[in-house]
Every structure is written in structure tokens, then in C-alpha cells.
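Below: the structure, in C-alpha cells.
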Amino acid sequence: MKHHHLNVHLEVKEIDSRMFAGHGSVFGNVDLGGDVVMPGAFKKSLARQKGGLPPMFWMHNPDQVPGVWKEMREDDRGLYVEGELVDTQLGNEMRTLLQKKAVRGMSIGYQAADIGFDTDGNRLLKEVDLWEVSIVSMAMNPLAQVTSAKSRLSAIGEYIPT
């Protein structure tokens with residue numbers, strides 16, 4: 001059983017205290033590894049998630065857990081995720097890095113369940129068994145990203161550590 005990773009640029013939609021949102025995977029574009037995630041690829045896997053969502057890792061390392069996923073679903077763009085960073089050294093580090101936009105990538109760990117190929121030889125991921133979603137420093141798919149991470153700012157726009 002081969003475990004694959006698909007990296008995408010992290011779009012931080014917001015960080016409010018410890019929450020952030022973005023896309024762990026984006027549909028329809030060719031990533032740097034020649035893979036294209038197709039709409040519907042995550043539906044069966046997400047429907048099978050009994051008792052919780054796949055884990056959140058830093059750089060696909062199961063020993064590095066910065067937080068938990070609170071929501072995960074397909075939308076018209078891709079795999080939408082909302083997460084909460086925990087109050088640990090790693091969670092606090094990730095929070096600072098996301099707020100400062102020093103880290104912007106996301107990546108999925110998965111096993112391909114149904115694939116095809118297009119006329120250019122790109123692998124089409126029609127269905128995947130989603131194992132985990134990681135925050136990463138460099139993404140394979142530049143479109144998968146954290147879209148917002150709110151930081152605490154002063155009245156004149158200066159960053160204030162919390």
C-alpha cells in the first residue's frame with residue numbers, strides 16, 4: 001500500500017486566536033508532480049471518517065501535531081479545511097509562522113483509490129483515501145494554501161504578540 005503526498009500552497013483565510021482556514025487540495029490544476037485532483041475525489045473518504053477527521057501534521061510527520069482539523073469538506077475549489085492550532089510549542093510556532101505568512105503551504109497524505117490519465121500523461125486522481133492533511137513549508141501544488149490567518153494588530157497596524 002503506497003502512501004502519497006500532494007502538496008499545495010497554503011491560503012490562510014483567517015487566524016482568530018488559534019483558528020485558520022484554507023484549502024488542503026485544489027481541483028483541476030496540474031501540480032508540480034503531474035497530478036490533477038478531480039472534483040469528488042475526497043467525498044467517499046470523508047464520508048467514511050467515523051469519530052473524527054484525518055489528523056493535522058507538520059510536514060507529514062506524525063510526531064509533529066500542531067493542531068486539529070475542525071472542518072473538512074469539498075467545495076467548488078477543492079478540499080476546504082478549518083483547523084485549530086493547539087497551545088503547545090509546535091502549535092504556537094505554527095500560529096506565528098502562519099500569521100507572518102512565513103509558511104503558506106498545505107499537503108495531503110493519501111492513497112489513490114481510482115486514477116486515470118489525461119492526454120498529456122498527467123495522473124487524474126478521481127478518488128483518494130485521505131490519511132492526513134499537513135501544513136508544509138513548500139507545496140507541490142502552488143494553489144493549495146492557507147487563505148487567511150488573522151493576527152492581533154495594534155490601531156496603527158503593528159503586530160502584537162499574544
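Positions are given from 1, in the same order as the sequence printed here.
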Worksheet, complete the sentence: To the nearest 0.5 Å, atom CG of D31 lies from atom CZ of R123 at 9.0 Å
Practice prompt. Quick one: pull up CD in E127 and CD in Q111 and give me the separation to the nearest 0.5 Å.
Written response: 10.5 Å
So do [Y] and [X] actually touch side chain to side chain, heavy atoms under 4.5 Å?
X    : Y    : result
M106 : S134 : no
S137 : W58  : yes
D87  : R18  : yes
E74  : Y80  : no
D75  : H23  : yes
M72  : L79  : yes
I135 : M56  : yes
I115 : L125 : yes

Worksheet item: Does atom CD of E71 have more than 12 heavy-atom neighbours from other groups under 6.0 Å away?
Response: yes
Is there a path of hydrophobic side-chain contacts, each under 4.5 Å between heavy atoms, that joins [X] and [Y]?
X    : Y   : result
L130 : V68 : no
L85  : F57 : no
F27  : L46 : yes
V65  : L98 : no
I108 : M59 : yes

Worksheet item: Do you know which two heavy atoms are closest between G109 and H60, and how far apart they sit?
Response: N-CE1, 4.1 Å
Response to the item:
All heavy atoms of V37 vs all of S25, minimum pair found to be CG2-OG, 3.5 Å
Worksheet item: Under the side chain to side chain donor-acceptor pair (under 3.5 Å) criterion, do N122 and D35 qualify, and how do the steps go?
Response: CA-CA 6 Å; N122 297 308; D35 286 336; over 6 Å; no
Determine, for [X] against [Y], whether the closest basic-nitrogen to carboxylate-oxygen distance falls under 4.0 angstrom.
X    : Y   : result
D129 : R48 : yes
E93  : R95 : no
K70  : E84 : yes

Discussion item. Check for me whether the distance between the ring centres of F20 and W69 falls short of 6.0 Å.
Written reply: yes
Discussion item. Under a 3.5 Å distance rule, please check whether E132 uses its side chain to pair with a backbone N or O of Y110 as donor and acceptor.
Written reply: no
